[in-house]
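Taking it in order: structure first as structure tokens, then the write-up.
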Amino acid sequence: MSEIDLTAHPKDSFLQPQLDYQALEPRALKSGFLTGLTWIAAVLAAIPLFSVIYMLLAQGGTRLFGADVVEVLTGLPPAGFEVGGGIGPAIVGTLVMVGIASAISVPLGILAAIYLGVLDATSKLATTARFLAKVLTGFPSILAGVFVYAVIVIHWGYSALAGGIALAVLMLPTVVLAAEEAMAQVPQKMKDAAYGMGCTQTEVIWKVVLPTGLPGILTGVMLAVAGAAGESAPLLFTALFSNYFISELAEPTASLSILIYNFSGMPFENQIELAWTASLVLVLIVLTFNILARLVGRPKV
Amino acid sequence: MNATAEALFVAEPFQAAGDVVIDCNVNKIFYGDFLAVRDSTVPIEKKKITGFIGPSGCGKSTVLRSLNRMNDLISVFRFEGSVMYHGQDIYAKKVDPVVVRRYIGMVFQQPNPFSMSIFDNVAFGLRLNRYKGNIEERVEKALKRAALWKEVKDKLKNSGLSLSGGQQQRLCIARAIATEPDVLLMDEPCSALDPIATRQVEELMLELKENYTVALVTHNMQQATRVADTTAFFSVDISQGGRTGYLVEMGPTRQIFEAPREKLTKEYISGEFS
């Protein structure tokens with residue numbers, strides 16, 4: 001092993017430069033060691049992810065990809081020792097409540113983000129709102145449930161609407177911050193171009209800032225939707241649960257997350273299997289939304 | 001010149017020979033408390049290219065951007081004086097700056113196409129103005145005039161951002177002329193371009209002046225000699241402790257470069273200071 005020291009050589013040694021790989025040279029060893037370390041870390045980090053997906057497919061897949069798939073997806077939850085049954089009401093309930101939450105939080109969040117990111121980014125109101133949104137992203141989700149319980153459920157009872165509102169409270173800060181970030185990244189020169197064409201401020205926002213920031217905004221919305229779809233704590237206080245399909249927004253409503261919570265603790269094989277199936281369905285729903293959002297939000301050109 | 005108690009230097013007014021489309025009379029331009037430009041009268045002649053030259057910080061871009069009220073987007077900007085556009089002061093209270101910018105278009109230093117297709121970029125202004133005619137025809141015409149049609153005619157659906165820097169700048173010019181504005185302001189349009197693209201844009205400017213009135217800020221004095229009919233030389237005055245730009249001399253480009261009246265102009269064009 002020879003350490004390369006160019007200064008030690010007389011000038012004419014450059015005529016025969018040593019250019020081959022020196023595998024045992026200290027720097028090469030260090031580099032190889034660190035590369036190996038990051039490689040191992042990457043594998044280790046992937047293990048839990050793959051385990052979860054494997055577990056879901058192995059345990060939940062038996063029913064979902066089995067012969068009674070239609071019953072599983074549309075049937076009512078089984079009682080005690082009953083065999084068969086399904087998670088239909090929970091799927092519909094989750095979709096309805098996430099839909100309500102999105103209908104509230106997405107328009108509100110994007111409009112707020114326009115104010116924070118484009119219209120008046122440095123005003124006191126904007127700074128305060130941004131700070132509060134950041135605090136709220138770390139807000140324990142059960143508190144959103146308790147809040148909606150105190151404000152709505154006490155007066156009007158458990159309902160899908162209350163569940164949707166609780167989820168909206170949780171989604172709002174994520175939507176606001178992601179949309180603000182996406183719109184703040186639209187280059188000033190693009191906005192200048194629009195103003196230079198004779199756009200009003202509204203036209204600049206609608207025709208340039210929103211379309212350009214759309215992929216980022218949708219990513220934020222999808223993150224929020226994925227989070228909300230998996231929430232159970234806030235729904236416990238607001239939507240409760242139901243064994244039947246939802247018929248109106250003002251009644252207690254089933255959701256996948258609560259069904260998973262209820263069934264996984266039961267001493268019956270059938271219910272435990274359905275809990276696994278519900279978990280897999282939840283993951284697939286979130287995945288579908290993600291793919292759809294990417295297709296919709298992809299730049300058109 | 002002794003500029004102590006006496007009046008500050010003010011350039012001799014330039015008597016334009018032809019029709020003046022924009023008669024810009026800057027009294028003072030402030031950014032907050034900072035006096036950026038003072039006492040500059042710059043008439044922009046119809047269907048000619050008026051070049052603005054001068055060292056950095058001399059206010060030439062500021063004056064150019066005052067001509068279509070782009071500076072209004074900076075909240076601390078304050079303009080004292082008048083900009084008469086076909087006899088109307090665009091700084092009058094009743095004037096809507098948004099409308100002014102539809103008559104007086106702008107091409108920026110950095111190519112800034114929108115993140116949409118080439119076609120949509122050029123059609124943007126037409127749609128904005130709810131153009132009723134054949135949009136495709138106008139887009140093609142604008143791209144042809146901007147000498148970009150041949151290169152993009154088969155990929156109009158591609159993103160404007162997929163083009164090279166020089167093509168992007170020509171796209172921005174096509175976008176600006178698609179709505180057929182009356183005047184085109186160009187703020188150092190070639191500074192981000194290589195020499196070949198620069199030459200193409202310069203040739204384009206010379207063609208554009210058949211139909212448009214152009215005001216051009218340039219850092220490149222050769223560019224001014226190549227394309228400008230009239231040249232305004234600005235300088236920056238640091239004697240008062242500030243950095244205030246002002247017009248030193250304005251005249252036919254030939255006269256400015258071959259027989260400047262002011263010593264400062266002569267020094268600048270011969271490269272004695274920059």
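Per chain, numbering begins at 1; letters A, B, ... match sequence-line order.
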Over all atoms of both residues, closest heavy-atom pair of B:S115 and A:T212 = CB-CG2, 3.9 Å
Go through the atoms of [X] and report whether side chain, backbone, both or neither lie under 4.5 Å from a heavy atom of chain A.
| X | answer |
| --- | --- |
| B:P111 | backbone |
| B:F114 | both |
| B:P97 | neither |

Hey, is [atom1] on [X] packed in by over 12 heavy atoms from elsewhere, all under 6.0 Å?
| X | atom1 | answer |
| --- | --- | --- |
| B:F34 | CZ | yes |
| B:E136 | CD | no |
| A:L44 | CG | yes |
| B:K209 | NZ | yes |
| A:F289 | CZ | no |
| B:F30 | CZ | yes |
| B:R127 | CZ | yes |
| B:K155 | NZ | yes |

Using side-chain heavy atoms (C-beta onward) and a distance below 4.5 Å, is [X] in contact with [Y]?
| X | Y | value |
| --- | --- | --- |
| B:V98 | A:Y195 | no |
| B:R175 | A:M197 | yes |
| A:C199 | B:F124 | yes |

May I ask you to list the residues in residues 105-118 of chain A that approach chain B closer than 4.5 angstrom, counting heavy atoms only, ordered by number?
-> none
Among residues 169-193 of chain A, which ones touch chain B with a heavy-atom distance under 4.5 Å?
-> A:K189, A:M190, A:D192, A:A193
Pairs of heavy atoms under 4.5 Å with chain A: top-ranked of B:L185, B:V99, B:L128 | B:L128
So, B:R101 and A:E203, do they make that salt bridge, N to O below 4.0 Å?
-> no
